[in-house]
2 protein chains.
Amino acid sequence: MKPGISEQIRRAIEARIMSGEWPPGSRVPGDADLAEQYGCARMTANKALTALAHAGLIERRRRAGSFVARPRSQAMVLEITDLAAEMAARGSSYRWELVNRRTLSSTALGALAPLLETEGVHHADGAPLAFEHRLINLAEVPVIAEADLSREAPGTWLLAHAPWTEAEHRISAEAATPAMAKALACSPGSACLTVRRRTWRGAAPVTLVTQHFAPGRHELVARFGSKG
Amino acid sequence: MKPGISEQIRRAIEARIMSGEWPPGSRVPGDADLAEQYGCARMTANKALTALAHAGLIERRRRAGSFVARPRSQAMVLEITDLAAEMAARGSSYRWELVNRRTLSSTALGALAPLLETEGVHHADGAPLAFEHRLINLAEVPVIAEADLSREAPGTWLLAHAPWTEAEHRISAEAATPAMAKALACSPGSACLTVRRRTWRGAAPVTLVTQHFAPGRHELVARFGSKG
DNA sequence: TAGTGGTCTAGACCACTAA
DNA sequence: TAGTGGTCTAGACCACTAA
């Protein structure tokens, strides 16, 4: 499945925003510029920008142009837990298994802040606990390129070296895909708790992570008061 | 601001879906049909369908056509805990269906504060959204014994009459049991997001509720800062 | 008032997949 | 294999609004 031109444009812009190369408020090329740059019709470029606007990544204003949207913030209390620390607190054994690691750098269009992509499995008490896919903004945390991510999970490393100041969680239940089922040693279609988390340090995106938990092996717990 | 043709098409289809005239699973006209019907270019009709698909209202399958999907909902976790209010905020229709209600008193183990047990189904946009089981501490909120819980969900009543001061959430993914599957009109074993919530008023427990959400119909979203 | 977004046309070819 | 979705082109005109 080859991505179409508008999808390529969308991804290229998304990567620049996520990498922090284009910070909130900065100008995104207009559809006419992009059409010329990519050698495509203006409508094709427009489609990419419309999708980004719909996803809330950019804002489009007539006559003024398109701009990277500022992430909304809401002060709330919830703990973000590192799986290694959580397992230690529970008295469970923990092991991180790095499955894949690669650097995503420049695209055909030019310089791009590099991203680190990792995939791996968190094991607890000798059995797979969660399958994780992660993108890390190397421009924001370049030192992680030197870290040994086969020994320490990226999340553990980040917590120690690049704490987040803002985060967004999306929590859902998803049926295990064949790849997830294989990594988690469960049946395809079984119910996995899925957590998608984006974190920022100030205005700079730090990481985007998806964790699929093995069926029945994980629960999120939040305690809070109604009045703070 | 006059809506464009594709926007008119989108609204017309949305209205039919929301009104229940086109229930989930029913076929939506293809872009070629719509183009002929509205006397517009196929791309214009396609745009409307693409927007609806992106919003999760329809699903498009090659060769097969487009079909009404079960709409997804979003909640700000830790913020909105009443489904009736959440659906109202979303502009979705909402209905509570009380399935079971009984009072539990002493057990074989000894004296026990009386509890009210309820079971029911939350419906949104005409389809089951969540199956709920609840226990209420009658010693703490005796007045609820007089409430008409077939008209108003217990959670809605409690929010108005006995607001909590402390809460604990436990969030997991669970395979649908036969009973859940029946209540939610889904397949047994499919992935349901499950929320268990305990609330207190001061030190006194008020309620313990378990909500199982229909597969793919609900997502919890939380956005927050690490430092408040 | 000039630049940008918003929308549309009337075609076209390919990809996928259910019948 | 035929039907549907997915994407694209090379134009066009209008709407809005910041410079």
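Protein chains get the first letters and strands the later ones, always in sequence-line order, with residue 1 at the start of each. Every heavy atom of this structure was used, including side-chain atoms; hydrogens, water molecules and symmetry mates were not.
- Between the CZ atom of Arg42(A) and the P atom of dC14(D) there is a distance of 14 Å, given to the nearest Å.
- Taking the six-membered ring for Trp and the full ring otherwise, the centers of Trp96(A) and His122(A) sit less than 6.0 Å from each other.
- Rounded to an integer number of Å, the gap from Lys47(A) NZ to dG6(D) P is 9 Å.
- The distance between atom CD of Glu7(A) and atom P of dA15(C), rounded to the nearest whole Å, is 17 Å.
- Nucleotide dT4(C) holds its C1' atom 16 Å from the CD atom of Glu59(A), rounded to whole Å.
- Of the charged side-chain nitrogens involved, none lies within less than 4.0 Å of a carboxylate oxygen, so that Arg11(A) and Glu14(A) do not count as a salt-bridged pair.
- When the side-chain nitrogen and oxygen atoms of Ser66(B) are compared with OP1 and OP2 of dG5(D), one or more of them lie within a distance under 4.0 Å.
- Using a 4.0 Å heavy-atom criterion, one finds that Arg61(B) contacts the sugar-phosphate atoms exclusively.
- Thr50(A) comes within 4.0 angstrom of nothing in the nucleic acid, heavy atoms only.
- Comparing dT4(C), dT9(D), dG5(C) against the side chain of Arg27(A) picks out dT4(C) as the nearest.
- Heavy-atom distances to DNA chain C give each of Gly65(A) and Asn46(A) a nearest nucleotide, and the one nearer the 5′ end belongs to Gly65(A).
- The listed nucleotides are dA10(D), dG6(C), dA10(C); the one nearest the side chain of Ala41(B) is dA10(C).
- If you take CZ of Phe67(A) and P of dA18(D), they are 10 Å apart, rounded to a whole angstrom.
- Between the side chain of Arg217(A) and the main chain of Ala127(A), a donor-acceptor pair closer than 3.5 Å is present.
- Put simply, the side chain of Thr177(A) gets close to the backbone of Met180(A): a donor and an acceptor are under 3.5 Å apart.
- Residue Arg63(B) has no polar side-chain atom (N or O) positioned under 4.0 Å from OP1 or OP2 of dG6(D).
- We find that NE2 of His54(A) is positioned 13 Å from P of dG6(C), with the value rounded to whole Å.
- Taking atom CE on Met43(A) and atom P on dG6(C), their separation rounds to 12 Å, with Å as the unit.
- Heavy atoms of Asp31(A) sit under 4.0 angstrom from primed sugar atoms or phosphate atoms, though from no base atom.
- Between Arg60(B) and Asp31(B) there is a salt bridge, since at least one side-chain N of the basic residue sits less than 4.0 Å from a carboxylate O of the acidic one.
- Taking a 6.0 Å sphere around CD of Glu36(A), one finds it holds 12 or fewer heavy atoms contributed by other residues, nucleotides or ligands.
- Side-chain atoms of Arg42(A) never come within 3.5 Å of backbone atoms of Asp33(A) as a donor-acceptor pair (strictly under, hydrogens ignored).
- Each of Ile5(A) and Ala64(A) was assigned the nucleotide of DNA chain D with the nearest heavy atom; the assignment lying further toward the 5' end belongs to Ile5(A).
- Phosphate contact (OP1/OP2 of dT7(C), side-chain N/O of Thr44(B), threshold under 4.0 Å): absent.
- Distance from the side chain of Arg62(A) is smallest for dG6(C) among the nucleotides dG6(C), dT9(D), dG5(D).
- In this entry the distance linking CD of Gln8(B) with P of dG6(C) reads 18 Å, nearest Å.
- For the OP1/OP2 pair of dG6(C) and a distance below 4.0 Å, the side-chain nitrogens and oxygens of Arg60(A) include at least one atom meeting the criterion.
- Stretches of at least 3 consecutive Watson-Crick or G-U wobble pairs, with each checked distance under 3.5 Å, appear in DNA chain C as C:1-18 with D:1-18.
- Classification of Glu132(A) and Arg197(A) as a salt-bridged pair fails, no side-chain N sitting under 4.0 Å from a carboxylate O.
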